[in-house]
Amino acid sequence: MKLTRDFYERPNVVEIAKDVLGKTLHTKINGVYTAAIVTEVEAYAGRNDKACHANNGLRSKRTEVMYGQGGFSYVYLCYGIHHLFNIVTNKKDFADAILIRGVEPLIGLEAMQLRRNMTKANPRLSSGPGILSQALGIRTKDHYGLDLLGDTIWLSDGREITNHEIGTSPRIGVDYAGEDALKPWRFYIKDNRWLSKR
DNA sequence: GGCTTGATCCAG
DNA sequence: TGGATCAAGCCG
């Protein structure tokens with residue numbers, strides 16, 4: 001069943017991030033349907049989180065969607081090459097988001113391999129925030145600010161993940177964020193092959 | 001380990 | 001207006 005607005009609009013982004021583990025991420029892009037299980041995420045807590053693009057209340061064309069309702073997509077270009085897919089959470093004016101860092105392919109493996117220019121389905125297909133967007137066909141220009149209750153990118157129930165199956169670590173690549181870089185807000189499914197850190 | 005790559009941000 | 005910076009991936 002498709003996740004509802006209520007799921008995304010809860011106030012605690014860390015709690016939602018853990019809940020997203022095991023959920024199914026679907027895309028239907030240019031008529032091609034793909035689906036994958038979310039294996040790895042990071043939480044970004046709006047204006048009070050130095051690692052978040054909306055820290056200190058920064059508003060710009062890029063961050064604007066984070067200030068809207070929960071359950072929308074925030075996709076942006078990183079290092080000039082990679083499209084990183086985030087889920088906006090919390091209610092209007094609260095700029096929280098969750099970065100998806102790894103997925104386990106379920107449906108549409110051939111389409112994903114074609115997009116990634118690969119001949120096999122190994123973790124290099126979709127274990128990393130940039131390459132999973134590539135595998136699923138998500139691009140900044142086309143998929144910024146989409147409603148995740150729509151029919152282009154959406155999430156649904158998936159695999160049940162219990163608390164003791166969830167691993168925790170600091171977030172990746174946010175050393176610039178001072179003390180906030182230490183927050184243990186990266187979550188992943190333990191013993192899963194489809195993680196960005198091997 | 002070193003290179004790629006370009007939007008974004010802020011200093012001036 | 002320009003240059004430093006960056007939620008990464010690829011090749012070796």
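Naming convention: chains lettered A, B, ... in sequence-line order (proteins, then strands); numbering from 1 in each chain. All heavy atoms count here, side chains included; hydrogens, waters and symmetry mates do not.
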Planes under 30° and centres closer than 5.5 Å, is that true for A:Tyr79 with the base of B:dG6? no
Let me know, please, whether A:Arg116 or A:His53 comes out on the 5' side of the other along DNA chain C by nearest nucleotide. A:His53
Taking for A:Tyr176 and for A:Arg124 the nucleotide of DNA chain C with the nearest heavy atom, the one nearer the 5' end belongs to A:Tyr176
Do A:Asp147 and A:Arg5 meet the salt-bridge criterion of a basic N to acidic O distance under 4.0 Å? yes
Should A:Glu165 and A:Lys190 count as an ion pair when the cut-off is N to O under 4.0 Å? no
What's the closest nucleotide to the A:Leu77 side chain, out of B:dG6, C:dA7, C:dG9? B:dG6
Does the structure show a Watson-Crick or G-U wobble partner for C:dC6, both distances under 3.5 Å? Name it, or say none. B:dG6
Quick one: label [X] by what it contacts on the DNA or RNA (base, sugar-phosphate, nothing), any heavy atom closer than 4.0 Å.
X	result
A:Ser60	sugar-phosphate
A:Arg171	nothing
A:Ile131	sugar-phosphate
A:Arg186	nothing

Return the value, rounded to whole Å, for the distance between atom CD1 of A:Ile81 and atom P of B:dA7. 12 Å
Can you measure A:Leu84 atom CG to B:dG6 atom P for me and round it to whole angstrom units? 16 Å
A:Trp194-A:Ile100 co-clustered via ILVMFWY side chain contacts under 4.5 Å: yes
Heavy-atom pair with the smallest gap, counting every atom of A:Arg101 and A:Ser196: NH2-OG, 3.3 Å
